[in-house]
Amino acid sequence: MGASSVVASLMMISFFMLNRQLQADAALSAETYKSIDEANQSGPYLGVVIPNAFEMNPLLQSPNFTSTNLTIDVSGRRFRFGTIANKKVILVMTGLSMINAGITTQLLLSLFDIEGVVHYGIAGNANPSINIADVVIPQYWAHSALWNWQRYGQGPENELPLEASGDYTREIGYLKFANYTVNASSSSYDNLLNNIWYQPEEVFPIDGTPEERQHAFWVPVDPLYYNISKKLEDLKLEGCLNSTTCLSHTPKVARVDRGTSASIYLDNAAYRGFIYNKFNVSPVEMESASVALICLQQRVPFIVIRAISDLAGGGGADSNEADAFLTLASKNSVTAVLEFVKQLSASKEFVKQLSASK
């Protein structure tokens with residue numbers, strides 16, 4: 001072997017050993033990378049993103065979900081592989097709150113070959129025409145806890161700090177705390193908490209210029225997915241907790257205008273009334289807007305399906321504690337998700353057959 005060949009061989013060995021060391025020191029092991037690569041060769045998948053175990057378990061136990069027994073664990077998340085209605089799916093649980101939902105959705109879309117995302121779970125409700133155990137499918141989602149909290153003494157006529165540079169805006173609207181003062185001695189009163197102004201999120205689309213921001217408040221779900229969801233409106237849902245305890249109404253699936261998320265458990269009737277009257281929202285919960293924003297940035301179609309567990313802040317004809325109807329709402333959300341995936345699978349198959357016939 002010549003000197004040049006020996007040097008080349010030593011360089012190859014060094015490169016191989018360095019690569020192995022880099023993989024060992026990386027956030028993902030070489031074994032995990034290999035599992036992800038092998039899984040993606042069988043893609044694409046429909047990502048099913050679920051907030052908590054009590055919402056995921058009814059799906060895992062459903063005869064309509066077939067597990068492949070493949071799981072891949074990454075960064076504290078477990079990605080479960082299987083099929084629903086002949087469609088390959090990856091199930092992943094996020095955990096509570098906006099940040100967990102955002103991290104998990106980003107991992108799902110970054111690691112795996114995902115054709116679309118379905119997010120489901122339970123939610124509180126702000127819409128008086130929607131009832132407990134109903135399943136709602138909003139067309140738009142917003143994160144409603146990104147605020148500019150205005151200094152006391154200033155009002156709608158005053159420019160917000162950094163507004164001139166485009167960081168903040170008064171376009172979306174505000175909440176004036178003084179409007180919710182009780183036991184006031186006169187109609188002229190004030191509140192030191194003053195006003196909060198709702199703000200859009202900064203987004204950095206995958207097909208945009210890096211670090212060049214765009215803004216989004218109301219994020220639309222995928223139009224095709226939303227059209228398919230209309231087929232769920234006649235779906236039969238459960239209305240009884242057990243053989244002796246049933247709701248006073250028959251639960252239904254309803255497509256609604258808007259839903260909103262924040263890392264806040266909303267159990268306040270005054271704020272519920274405000275956001276319904278201000279934004280015409282129905283479900284209020286803690287994860288969906290994160291899923292929506294990540295899918296918007298990654299240009300991946302998505303839809304959100306949520307079952308109502310309580311009227312946020314109390315009231316209503318039925319018992320209004322989330323704990324009482326958590327199980328029933330979870331089951332109804334799974335029933336709707338299974339039917340949606342079935343209809344989506346049938347729609348994709350129809351399009352495939354139509355294309356093949358041309």
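Index from 1, following the sequence. All values derive from a computational prediction rather than experimental measurement.
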With the 4.5 Å side-chain cut-off for hydrophobic clustering, are F302 and F112 part of the same group?
-> yes
So, does R272 use its side chain to make a donor-acceptor pair with the main chain of G314 at under 3.5 Å?
-> yes
Is the closest side-chain donor-acceptor distance between Q199 and W147 under 3.5 Å?
-> no
Okay, side chain of N268, backbone of Y271: is any donor-acceptor separation there less than 3.5 Å?
-> yes
If you measure from OG1 on T260 to CG on N280, what distance do you get to the nearest 0.5 Å?
-> 12.0 Å
Is a side-chain N or O of H249 found less than 3.5 angstrom from the main chain of I132, in a donor-acceptor match?
-> yes
Are I305 and V136 connected in the hydrophobic side-chain network, where two residues link if heavy atoms are under 4.5 Å apart?
-> no
Go through the side-chain N and O atoms of Y152 and N191 and say whether any donor and acceptor fall under 3.5 Å apart.
-> no
With ring centroids as reference points, do Y198 and Y174 lie under 6.0 angstrom apart?
-> no
Any donor-acceptor pair under 3.5 Å linking the side chain of S333 with the backbone of Y120?
-> no
Do other residues, nucleotides or ligands put more than 12 heavy atoms under 6.0 Å from D234 CG?
-> no
CD1/I294 to NE2/H119 distance, rounded to the nearest 0.5 angstrom?
-> 12.5 Å
Do L338 and Y226 sit in the same hydrophobic cluster, where Ile, Leu, Val, Met, Phe, Trp and Tyr count as joined when their side-chain heavy atoms come under 4.5 Å apart?
-> yes
Residue from L28, D37, T32 passing side-chain contact (heavy atoms from CB on, under 4.5 Å) with L111 | L28
Aromatic ring centroids of F81 and Y45 under 6.0 Å?
-> yes
Nearest 0.5 Å please: distance from the CG atom of L193 over to the CD atom of Q150.
-> 13.0 Å
Value for CD1 (I172) from NZ (K278), rounded to nearest 0.5 Å, stands at 10.0 Å
Kindly work out whether a path of hydrophobic side-chain contacts (I/L/V/M/F/W/Y, heavy atoms less than 4.5 Å apart) joins V219 to V284.
-> no
Any luck finding a side-chain donor-acceptor pair between N242 and T245 under 3.5 Å?
-> yes
Does the side chain of T94 pick up a donor-acceptor pair with the side chain of T104 at under 3.5 Å?
-> no
Side-chain (E163) to main-chain (L160) donor-acceptor, under 3.5 angstrom = yes
Ignoring hydrogens and geometry, is there a side-chain-to-backbone donor-acceptor pair from T71 to F79 under 3.5 Å?
-> no
Is R258 positioned over the aromatic face of W218, cation under 6.0 angstrom from the ring centre and no more than 45 degrees off axis?
-> yes
Between S62 and P58, is there a donor-acceptor pair closer than 3.5 Å when you use the side chain of the first and the backbone of the second?
-> no
Give a yes-or-no answer on whether the side chains of R306 and S288 include a donor-acceptor pair shorter than 3.5 Å.
-> yes
Under 3.5 Å donor-acceptor, S165 side chain and L162 backbone | yes
Would you call D73-R80 a salt bridge at under 4.0 Å N-O?
-> no
Does R170 use its side chain to pair, donor to acceptor, with the backbone of P156 at less than 3.5 Å?
-> yes
Interatomic distance, CG@D113 vs CD1@I36, rounded to 0.5 Å, equals 12.5 Å
Nearest heavy-atom neighbours spanning L96 and N52 = N-OD1, 3.9 Å
Are the aromatic rings of W149 and F177 close, with centres under 6.0 Å apart?
-> yes
Going by distance alone, is a donor N or O of one side chain under 3.5 Å from an acceptor N or O of the other, for S261 and E285?
-> yes
Have a look at F325 and tell me which of N332, I122, L241 forms a side-chain contact (heavy atoms from CB on, under 4.5 Å) with it.
-> L241
N158 side chain to Q154 main-chain N or O, any donor-acceptor pair under 3.5 Å?
-> no
Any idea which heavy atoms bring D267 and G313 closest together, and the distance?
-> OD1-N, 3.0 Å
